[in-house]
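Atoms within a ligand are numbered from 1 in the order they appear, just like the ligands themselves.
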Amino acid sequence: MSNPAQRANKLFVQTFGTLADTLYFAPGRVNLIGEHTDYNDGFVLPAAINFHTIIAIKRREDSQFRAVSDAFPGEMKEWTFGEEGNRPESPEWADYLKGFSSAMAISGLATKGMDLAIVSNVPLGAGLSSSAALEIAFGTAINDANQIQLSPLAIAQLAQRGENHYVGCACGIMDQMISALGQQDHALLIDCLDLDSEAVSIPENLSLIIINSNVKRGLVESEYNLRREQCEQVAAHFQLDSLRHLELADLEAAKDQLSDANYRRAKHVITENRRTQNAAWALESGNISQLSTLMAESHISMRDDFEITVPEIDFLVEIVSSVIGEKGGVRMTGGGFGGCVVALVDHELTDAVVEIVEQQYLDKTGIEATIYLCSASDGAKRLDN
Ligand code: ADP
Ligand code: MG
């Protein structure tokens, strides 16, 4: 049985011995452009993808939650609303759910409990944000089943708070926002300063391809924190709260007063913000050659100025770009030091992209890549059971 909705219903019945009331759905995501700009109050341009998490639920009259997931067979997790306790030392899967309910309780919101069966085809830990898909499916379920009337943005904010404070992951708001607010065939231009967002249509002739380098990511957290610090240092130098309102000309004028690394970090953020807005306009107007240029420049900026790519990722971008030319864009996506490459390419070139990766990547690196052929999908919603 491959249909995830049927699998969620079945897992629910097998676990709890009764039928579920309702199913909720939330997608994973990919960021098309705008890397390391979120925590600098800048712009990002993610799309929700057709890999998703589905939760079958039944409301309870008490405050208990009981959850199972097909990703962790045989593990039933239980907790009481408002009694999630302190942040666990080494977080496990149910802590993404407890983080959400705990964030609700801390915000003064109330809810009854639920029994939950979770089924997902978002690969865990592959950079497609299975964690946000899980949190947002859960948040949407609690909100809808209890008629709490939170907006999708409010659900995303609670999910981020849960992941930051309870799970202990210092993520931005992008993953949760796109999982909650995605629209089919659209990307979402998010202004991380005021969380304003705008749907941007993706031209019909483009395929969305994600290639996981499967490079084992090391040093991610320490390097991520270091980049954040360097950005903050430059903002502080200019007595600004963030790099959002720093002009490139002012950065250039102060180049001698900054370390070379800090100068290049800030240059990436300032130029990436501009590229992200321009890429949204290029997509909206179907200007693929401009999109191609902007994604190429974004990759070079991440490689040379922000220094977050690795040779395997640079190689993937190089070979994909050699077959797509100006008929699509390709760049690393995600925090860096491994992870995935995203390509938006004319449908007719999809096979050529898959072929060149299969022919050359393993030979060159000794690692097998995983390729996901995606489409931009809707954000979280209730499904008809
Ligand atoms: P990513 O979000 O990039 O996939 P993370 O490390 O942020 O990677 O989140 C992965 C973790 O989220 C998993 O290890 C697991 O704890 C939790 N998780 C995600 N999806 C599920 C799921 N369907 N069932 C249970 N836990 C999940
Ligand atoms: Mg995650």
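Between K267 and the options D304, D260, D305, a salt bridge (Lys or Arg N to Asp or Glu O under 4.0 Å) holds for only D305.
Close contacts between ligand 1 and I118 involve ligand atoms 23 (N) [criterion: under 4.0 Å to a heavy atom]. Atoms of ligand 1 lying under 4.0 Å from any heavy atom of L134, numbered from 1 in the order shown and given with element: 18 (N), 21 (C), 26 (N), 27 (C).
Ligand 1 has an N or O atom lying under 3.5 Å from an N or O atom of G127, backbone or side chain. For a threshold of 3.5 Å applied to N or O pairs, the pair formed by S69 and ligand 1 contains at least one separation below that value.
Summary of contacts: the protein heavy atom closest to atom 2 (O) of ligand 1 is S131 OG, 2.9 Å. Closest to atom 13 (C) of ligand 1 among all protein heavy atoms lies L124 CD2, 3.8 Å. Atom 23 (N) of ligand 1 has its closest protein heavy atom at S120 CB, 3.3 Å.
When only modelled atom types and interatomic distance are considered, D314 and H299 share a side-chain donor-acceptor pair under 3.5 Å. Remark: the S298 side chain and the E272 side chain contain an N/O donor-acceptor pair separated by less than 3.5 Å.
Between K255 and E252 there is no salt bridge, since none of the side-chain N atoms of the basic residue sits less than 4.0 Å from a carboxylate O of the acidic one.
Ranked by closest heavy atom to atom 6 (O) of ligand 1, the top entry among F72, W93, Y96 is Y96. Ranked by closest heavy atom to atom 8 (O) of ligand 1, the top entry among A137, G125, A94 is G125.
Proximity of S130 to ligand 1, defined as any heavy-atom pair under 4.0 Å, is shared by backbone and side chain alike.
For residue S129, no N/O/S atom approaches the Mg ion (ligand 2) to within less than 2.8 Å.
The environment of NZ in K58 is crowded: more than 12 heavy-atom neighbours from other residues, nucleotides or ligands sit within 6.0 Å.
Between H36 and Y224, the ring planes are tilted. Angles from 30° to 60° get that label. Taking the six-membered ring where tryptophan is involved, the planes of F65 and W79 are essentially parallel, since the angle between them stays under 30° and well short of 60°.
Distance alone, capped at 3.5 Å, places no donor-acceptor pair between the N212 side chain and the I371 backbone.
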